[in-house]
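Just the heavy atoms: all of them, side chains too, but no hydrogens, waters or symmetry mates, feed the values below. Quick caveat: nothing in here was measured; it's all calculated off a predicted structure.
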Amino acid sequence: MFPLYMVMGQYDYMTSTNAANDYFDVLEAPKKEFVVFKNSAHYPQFEEKELFAEWLNTKWRELAPSVRR
């Protein structure tokens with residue numbers, strides 16, 4: 001099994017954070033994290049680029065500790 005990361009913006013109008021969180025709760029994974037970006041909607045990777053990149057790089061370092069920057 002693989003880790004699961006569900007990432008969304010707080011103001012997403014396509015999928016509510018409540019509905020996504022309900023679905024997330026029933027999924028099984030050895031490691032899972034529900035991430036909500038507070039100042040974006042459906043595209044946090046574009047609307048909060050720097051914060052998203054920081055989060056992604058942190059997760060990458062956690063998952064692949066032998067990879068150097």
Side-chain angles (χ1 to χ4, degrees):
M1 294 198 54
F2 297 99
L4 169 70
Y5 300 97
M6 191 171 288
V7 180
M8 63 184 310
Q10 177 68 37
Y11 302 104
D12 193 331
Y13 292 109
M14 301 187 99
T15 306
S16 76
T17 53
N18 291 335
N21 204 4
D22 289 345
Y23 178 63
F24 175 82
D25 287 342
V26 300
L27 297 174
E28 293 184 19
K31 176 180 173 78
K32 44 187 229 182
E33 185 177 341
F34 189 80
V35 181
V36 177
F37 285 85
K38 301 293 182 190
N39 296 309
S40 58
H42 193 65
Y43 297 106
Q45 69 273 31
F46 302 123
E47 297 165 318
E48 294 185 75
K49 290 184 251 198
E50 293 82 10
L51 191 57
F52 183 86
E54 182 181 318
W55 174 82
L56 189 59
N57 284 322
T58 298
K59 290 300 148 198
W60 176 256
R61 284 191 297 274
E62 288 175 9
L63 294 170
S66 63
V67 175
R68 300 287 179 218
R69 296 196 249 173

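M8 and L4 fall within the same hydrophobic cluster, where Ile, Leu, Val, Met, Phe, Trp and Tyr residues are linked whenever their side-chain heavy atoms come under 4.5 Å apart, directly or through other members. Residues F46 and F37 are members of separate hydrophobic clusters, defined by side-chain heavy-atom contacts under 4.5 angstrom among Ile, Leu, Val, Met, Phe, Trp and Tyr. Two different hydrophobic clusters hold V26 and F2 under the rule that ILVMFWY side chains link at heavy-atom gaps under 4.5 Å.
We find the CG-CZ distance between L56 and R61 to be 10.0 Å, quoted to the nearest 0.5 Å.
Of all the heavy atoms in D25 and K32, the pair that sits closest is O-NZ, 3.6 Å. Across all non-hydrogen atoms, the minimal contact from A20 to T15 is CB-CG2, 4.1 Å. Nearest heavy atoms, A41 versus Y11: CB-O, 3.3 Å. In terms of heavy atoms, P30 sits closest to P3 at CG-N, 4.4 Å. For the pair E47 and H42, the tightest heavy-atom approach, listed with the atom from each and the gap, is OE1-N, 3.8 Å. Smallest separation of non-hydrogen atoms from M6 and L27: CE-CD1, 4.2 Å.
Within a 6.0 Å sphere centred on CD of E28, heavy atoms belonging to other residues, nucleotides or ligands number 12 at most.
Applying side-chain contact (heavy atoms from CB on, under 4.5 Å) to Y5 and the options W55, F24, F34 leaves one that passes, W55.
Between V7 and F52 there is a side-chain heavy-atom pair separated by less than 4.5 Å.
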